[in-house]
Protein chains: 2
Amino acid sequence: MATIYEVSALAGVSLSSVSRVLNDHEHVSEKTKQKVMAAMNELGYRPNSVARSLASNRSNSIGVLVSELHGPFYGEMLSSIEMELRKAGKHAVVTAGHSVEQSEKDGINFLIDRNCDAIIILIDSLSDEFLIELSKGSTPVVILNRLIPEIKDKCFYIDNELGGYLATKYIIEQGHKDLAYISGPLFKQDANERLNGHKRALNEANLKFDEELFYQGDFLTTSGRVGIDHLLKTNKPFTAAVCANDEMASGAMKGLRDHKMLIPQDCSVIGFDNVYFANYLHPELTTMNYPINEMAKMSAQWILKNVYKHTEVFVNNKFTPELIVRESITKNKT
Amino acid sequence: MATIYEVSALAGVSLSSVSRVLNDHEHVSEKTKQKVMAAMNELGYRPNSVARSLASNRSNSIGVLVSELHGPFYGEMLSSIEMELRKAGKHAVVTAGHSVEQSEKDGINFLIDRNCDAIIILIDSLSDEFLIELSKGSTPVVILNRLIPEIKDKCFYIDNELGGYLATKYIIEQGHKDLAYISGPLFKQDANERLNGHKRALNEANLKFDEELFYQGDFLTTSGRVGIDHLLKTNKPFTAAVCANDEMASGAMKGLRDHKMLIPQDCSVIGFDNVYFANYLHPELTTMNYPINEMAKMSAQWILKNVYKHTEVFVNNKFTPELIVRESITKNKT
DNA sequence: GACAAAACTGGAAGCGCTTCCATTTTGTCC
DNA sequence: GGACAAAATGGAAGCGCTTCCAGTTTTGTC
C-alpha cells in the first residue's frame, strides 16, 4: 500500500503539501494539487485512516449504543444514522447494552476507548445522573428518546405525554367510554408520560381512570397478551384497549382472540410507535407515529454540526407524535 | 489522558515493559506486572486504540455490510455478530449498500479504507466474480447467505433447496394438491433454490408445477399481496400458497383477506425465514426457520479464528432450515 | 560454583499521517 | 524596480503505541 511518502516523492513535493491536498486545505496552488492528484492516482494511493486519526486526534467514527440491535425500532434508527453519517464520510460503530446497567456502562466505555468522536445513546437502564456526568466528559454525547432537562439540547425526544393524550382522545371521540390501559414499565420515562397523557384525555372527557382496568406490562408482546387476560378477569367491561406500544398491542390482539373476541367489533385496540409491522397485523393497527427516522437523522446532524463543525443545520430536539388511523378501532355504538 | 509513557515513568519501568503487560505477553515478571498495573490504576490509564492500531497494523474492527440495516433479518444478524465480537474485544462497523451495486461497492471500499481487519458481507447486488476477486485481496471477507463454490469455506449459507423442498413436502402431506407459489426475484440465488426445492417436492409427489400458479415477487410484503391478486385472477383453484419468505407470506395473507378468504380454511399459507414477527401475525405463520443467529455468530467466530488466531473453534458453513409448525396451514379435506 | 539457557528488560526505530513554524515564492502597488 | 504582504511550500516534531534487537539478570543443571 502506497503511503503519503511515496506520493510526495513521485509528485516531487513535500509531505506537508500532499497532506494539504488530502485535507483540502487552502493555500495550495492548483499546480501542486494537480501533481499530487496525479501521483495519487498513479500509485492507487489510499489514505490510512488510522494514521490520520492518530495524528489528528479524530477517529471519524461515531459510537451508537442501543439496548438491542434487533427489534423493529433500533433497525430503523441505525439505518437513518448510518445513512446520514456516511454521507459525511463518518462511520457508525455499534454496540448493545441489553438493558443491563453494567453492560450499558461497559458499552459506553467500549465506545470511548475506541476513540469515538461522539456517542449516540438510546437506552433505559442508565440514570439521568450518570448521563449528565457522562456528558461532561470529553466525548460528546447525544441522547435519543429521553429528555434530561439539564442537558436538553443534547436530547432528542418526542412528546410522549401528548402522544398518550392524542391516542386516548381519539378513542374517546369514537365513542368509547370504558378504556383499559396496558402500560410499559413505569420506571421508564416514556411509559410514564404516555400514561399521563392518557389520564389527561380521560380527565378532559370527564371519564375516570380505573385502576382495575390498568395493567403494567414491559413493552414486550407477551405482556400484552397477559395484560388482556388479567383485565378480562376483572369482569369489568371495556370496549377498547389502549396499549403503550405496538408490540404489546400485538400481544393484546392475540389475547383478545384467545377469548374469542373480535377486533375491533368487540374491542378496539390502539398501539404506539408505528413500527413497521403494525400494518402487517390483522386488522392493521391504529397507532401513534414515532418519528424515529427523523430523530435519528437529527441526532446525527447534531453531531456533524457540533463535533465536526459542518455548515449550519437546523436542529430540532422535540418531536411530535401523530395519529395513524388504520383498522383496529371502530366507533362504539353502545 | 495518561499515556503509556506516564505509566512507565510512574512504574519505573520501560515503555516496552508497559506495552508487554498491556498485551499480555509472556516473559514479564510478576513484579513488574504488578508495578505497571498499579501505575495504570493510579493514573486511570486507558490505552489509545488508534495508536495501537497504527503500530500493530490491527484495527480490531470488523466491517459489516448489509443491504439494509432495518428489517427483521438484519437486526438479528447484527445483534449476533456484535455480541460475539464484543466478547473478544472487537467491534463492528456497519454500513448499508441498499441493494445498489455501486453503493455496495462503495460500502466495501469504505470499510477497507477504515482498516477493518475483516468484512462480513450480506448483500445481493454484487456478482460472484466480484466477490471472488475481493476475497483475494488483503482484507479477509466472509459471505453470509450465499454459496460461492470457489470460496466456499468463507461462505455461510443454508440449504435453501432443502428448505423449499421441506416446506412443500409438508404442505403436500397435509393433503394439498393445488399449490400456488410466490417466489422471490429469481436472479437471487436463494429465491431460485427455494423454488427448485418446491419443484422437487412436487415432482416426488407426482404433482406438476403449474406455471399459471406461479408469481415472481420481490421478497417484500406488497408483492405477496399483488401476487395473490394475480393468482386469483387466473381462476385456477389452489388450496395453499407457498411463499418464498415471511414478508411476502404476510402480504399474501392480506391479499387473501381482501378477497374474503379465510386462512387457513380457504387457503393455507407457508412462509420462509421465521422472522420474529411471524408469530405476531394472525393466524400465526407456519414457516421454515432460517438460523440467522447461529450463522451470524459462526461468521464472527470464523473471523476470530482465522484473522485473530483465537483458539480453535469448530466452524460450520452449511446450515439446515427447519419446519416451524404454527397455525397458517390446515389439512385439506377435498 | 561454573556455565548455558531461559527469562526478563530497556532502547530505539518505526507505523502513516497532521500541523506548527520558518522559509521561499508570488503578487501588488507606488 | 523595490518594498511589502500574502500565498505557497518544506522541514521536522510529534500523535501513542508495538516490536525488534541487544543486553542483563535469573534459573537450572551437573
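Residue numbers begin at 1 in each chain, while the letters A, B, ... track the order of the sequences. Hydrogens, waters and symmetry mates play no part in the numbers below; they use all other heavy atoms, side chains included.
- Atoms CG (A:Asn57) and P (C:dC20) sit 13 Å apart, rounded to a whole Å.
- Closest of all the heavy-atom pairs between B:Leu144 and B:Leu122 is O-CD1, 3.5 Å.
- Side-chain atoms of A:Arg146 come within 3.5 Å of backbone atoms of A:Ile123 as a donor-acceptor pair (strictly under, hydrogens ignored).
- Judged by a 6.0 Å distance limit and a 45° cone about the ring axis, A:Lys90 is positioned over the six-membered ring of A:Tyr308.
- No side-chain donor-acceptor contact under 3.5 Å links B:Asp159 to the backbone of B:Thr320.
- Against DNA chain C, the stretch residues 108-116 of chain B makes no heavy-atom approach under 4.0 Å.
- Spacing between atom NZ of A:Lys31 and atom P of C:dT25 amounts to 12 Å, rounded to whole angstrom units.
- A distance of 8.0 Å separates OG of B:Ser103 from CG of B:Leu65, quoted to the nearest 0.5 Å.
- If you check every strand for non-hydrogen atoms under 4.0 Å, B:Thr32 touches sugar and phosphate atoms only.
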Quick one: what's the B/S/- string for nucleotides 12-28 of chain D, heavy-atom cutoff under 4.0 Å, read 5' to 3'?
-> B-BBBBBB---------
Applying side-chain contact (heavy atoms from CB on, under 4.5 Å), run through A:Arg114 and B:Asn60 and close with a yes or a no.
-> CA-CA 10 Å; A:Arg114 237 68 215 182; B:Asn60 287 310; 3.1 Å; yes
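- D:dC30 is paired with C:dG1 under the Watson-Crick or G-U wobble criterion, all donor-acceptor distances under 3.5 Å.
- Interatomic distance, CD of B:Glu30 versus CE of B:Met37, reported as 7.5 Å (0.5 Å rounding).
- Between A:Ser14 and the phosphate of D:dT9, there is no side-chain N or O to OP1/OP2 separation shorter than 4.0 Å.
- Between the NE2 atom of A:His27 and the P atom of D:dA6 there is a distance of 11 Å, given to the nearest Å.
- Minimum interatomic distance between B:Asn317 and B:Lys154 (heavy atoms only, all atoms of both residues): ND2-N, 4.2 Å.
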